[in-house]
Protein chains: 2
Amino acid sequence: MSEPVTNQAATKVYIEIVERLRDMIANDGLGSGDRIPSERELSERLGYGRSSVREALRALELLGLIETRRGEGTFIKDFHEHRLVELLGTFILQGQKVRKDALESKILIEKSCIELLFLKGREHLLSHMLESENVSFNEIMVKIVEGTDNRLLKKIWKILSEYVSSFHQDDIDQNQIHSFVQAIIQSDQEAALTAFDQLRNLSK
Amino acid sequence: MSEPVTNQAATKVYIEIVERLRDMIANDGLGSGDRIPSERELSERLGYGRSSVREALRALELLGLIETRRGEGTFIKDFHEHRLVELLGTFILQGQKVRKDALESKILIEKSCIELLFLKGREHLLSHMLESENVSFNEIMVKIVEGTDNRLLKKIWKILSEYVSSFHQDDIDQNQIHSFVQAIIQSDQEAALTAFDQLRNLSK
DNA sequence: AATATCACGTGGTCAGACCACTGTCTTAAT
DNA sequence: ATTAAGACAGTGGTCTGACCACGTGATATT
């Protein structure tokens with residue numbers, strides 16, 4: 001009965017390759033723009049068939065983590081440009097409920113960012129920009145989110161923002177925007193949050 | 001000189017296939033657990049080689065959007081289980097700053113959930129559960145997040161929660177938790193938020 | 001009826017073959 | 001010597017055909 005030891009590759013080859021690539025990138029300190037070995041070379045070095053190597057590379061490419069140029073090679077992309085958004089949007093965010101959730105989430109994160117902005121005392125950084133006239137509410141929001149100095153939160157907000165914009169159009173009263181802006185300029189957190197709640201119909 | 005019309009397939013085949021699959025899923029109203037055609041059948045129906053079909057499927061599998069079982073077939077997964085984050089996490093969430101941002105984001109989303117819970121008047125749903133003694137803060141938070149009836153927000157929180165737990169351990173005073181819980185039971189939003197701020201050191 | 005067997009379909013993997021494109025190196029024309 | 005044209009090698013893109021490993025259901029056996 002000595003185990004037949006059926007291959008039973010617990011992990012599929014292409015997954016194994018993805019991990020090897022990750023290690024390779026980490027160990028060799030490869031970064032944005034650098035080139036990784038050709039498919040044929042990876043195939044030889046890792047000891048797997050070229051088609052398996054390609055499956056791994058295609059998956060990473062779909063994620064936007066690498067870029068391939070025919071005739072040239074495969075290159076690492078700036079990880080901050082990953083395509084999470086489009087992918088999630090296309091495949092996951094579909095139903096009506098999800099849209100509602102997305103809009104709701106977006107607004108709540110905006111509010112969180114406002115609070116965080118004040119908590120970190122960074123609201124003054126926006127003053128000069130807010131004083132000019134022709135700024136849309138969205139532009140203001142972008143500055144607020146960026147002002148929080150939290151790239152992750154910014155990323156999440158941008159994702160939601162892009163997705164929401166595909167089916168929802170903000171329609172906000174100019175006066176309310178003005179109140180909101182004034183509150184920020186005056187560094188009045190409470191007033192800013194109140195204005196935002198009204199703006200977004202979050203008051204009870 | 002009549003254009004040689006080099007193939008120049010603007011879009012690579014595997015991308016084309018990913019899109020076709022998306023349409024197929026949308027049009028046929030396929031959902032979690034449903035089976036999609038076999039690789040060989042897709043190859044025939046779409047008119048592309050099996051290897052290209054596989055590249056597309058492997059990419060979607062890495063994303064956690066589909067699941068393949070040898071000998072059985074390929075199935076659609078619950079989109080709420082996608083692995084995007086884990087993947088991106090492995091590749092891009094590494095620096096110290098990112099960790100700090102993640103913890104910060106997590107806490108802010110928690111606060112948002114508390115507000116949303118009250119806004120929707122769903123805080124009473126937790127009362128019975130909160131009255132029992134041996135519940136950890138994390139368990140309470142889970143209930144709150146779930147109570148918001150926003151799957152997207154829940155998903156984001158869970159992701160952040162998992163990631164944060166890999167390097168951070170909450171250490172919260174029991175008395176503060178008690179105050180927080182009492183405020184919720186009494187449906188006192190303001191007190192709950194104040195308690196949370198203290199709990200998380202968000203007060204100024 | 002219960003059980004063992006086997007054929008078929010499915011995913012997993014590989015090897016080899018072309019094609020299309022890019023960059024370089026060689027060679028021929030100036 | 002300079003330059004332009006062509007040959008060549010390397011790389012990704014795609015397809016085909018071949019096995020293997022595994023699950024299922026029909027079939028044969030008991």
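Every value quoted in this text rests on a predicted model; they were computed, and no experiment measured them. Order of the sequence lines sets the chain letters (A, B, ...), proteins ahead of strands, with each chain counted from 1. Atoms considered below: every heavy atom in the structure, side chains included; atoms not considered: hydrogens, waters and symmetry mates.
Listed by chain and number, the residues in a side-chain contact (heavy atoms from CB on, under 4.5 Å) with A/Leu103 are A/Ile107, A/Val164, A/His168 (sequence neighbours excluded). For the side chain to side chain donor-acceptor pair (under 3.5 Å) test, residues two or more places apart in sequence or in another chain that qualify with A/Arg45 are A/Glu41. Partners of B/Ser112 according to the side chain to side chain donor-acceptor pair (under 3.5 Å) rule, which considers only residues two or more places apart in sequence or in another chain, are A/Ser112. A/Arg69 pairs by the side-chain contact (heavy atoms from CB on, under 4.5 Å) definition with A/Glu67, A/Glu72, A/Phe75, not counting sequence neighbours.
Across the protein-nucleic acid pair, B/Glu44 atom CD and D/dC15 atom C1' stand 14 Å apart, rounded to whole Å. For the pair A/Arg54 CZ and C/dA15 P, the computed distance is 16 Å after rounding to whole Å. Distance CG (A/Leu46) to P (C/dT13): 14 Å, rounded to an integer number of Å. For the pair A/Glu67 CD and D/dG13 C1', the computed distance is 16 Å after rounding to whole Å. Atom CD1 in B/Ile66 sits roughly 14 Å away from atom C1' in C/dT10 (whole-Å rounding). For A/Ile15 and C/dG11, the CD1 to C1' distance is 14 Å, given to the nearest whole Å. Computed from coordinates, the B/Tyr48 OH to D/dG13 C1' distance equals 13 Å when rounded to whole Å. Between A/Leu62 atom CG and D/dG13 atom P the separation is 13 Å, expressed in whole Å.
In this structure, A/Ser52 reaches the sugar-phosphate backbone alone: every heavy-atom distance under 4.0 Å involves primed, P, OP1 or OP2 atoms, never a base. Contact annotation for B/Gly71: base contact, defined as any heavy-atom pair under 4.0 Å involving a base atom.
An OP1 or OP2 oxygen of D/dG12 is reached within less than 4.0 angstrom by a side-chain nitrogen or oxygen of A/Thr74. Side-chain nitrogen and oxygen atoms of B/Arg69 include none within less than 4.0 Å of the OP1 or OP2 phosphate oxygen of C/dG12. B/Arg70 has no side-chain polar atom (N or O) that falls below the 4.0 Å cut-off from OP1 or OP2 of C/dG9.
With hydrogens and angles ignored, a donor-acceptor pair under 3.5 angstrom links the side chain of A/Arg50 to the base of D/dG13.
Where B/Ser51 and B/Glu72 each meet DNA chain C at their nearest nucleotide, the meeting point lying more 5' is that of B/Glu72.
Shown here is A/Glu44, whose CD atom has no more than 12 heavy atoms of other residues, nucleotides or ligands within 6.0 Å.
Heavy-atom minimum distance, A/Val53 versus A/Glu39: CG1-O, 4.1 Å.
For DNA chain C, the residues of residues 36-43 of chain B within the heavy-atom distance limit of 4.0 Å (strictly under) are B/Ser38, B/Glu39, B/Arg40, sorted by number.
Residue pairs meeting the salt bridge (charged side-chain N to carboxylate O under 4.0 Å, His left out) criterion with at least one partner in residues 116-126 of chain B, sequence neighbours excluded, are A/Glu104-B/Lys120.
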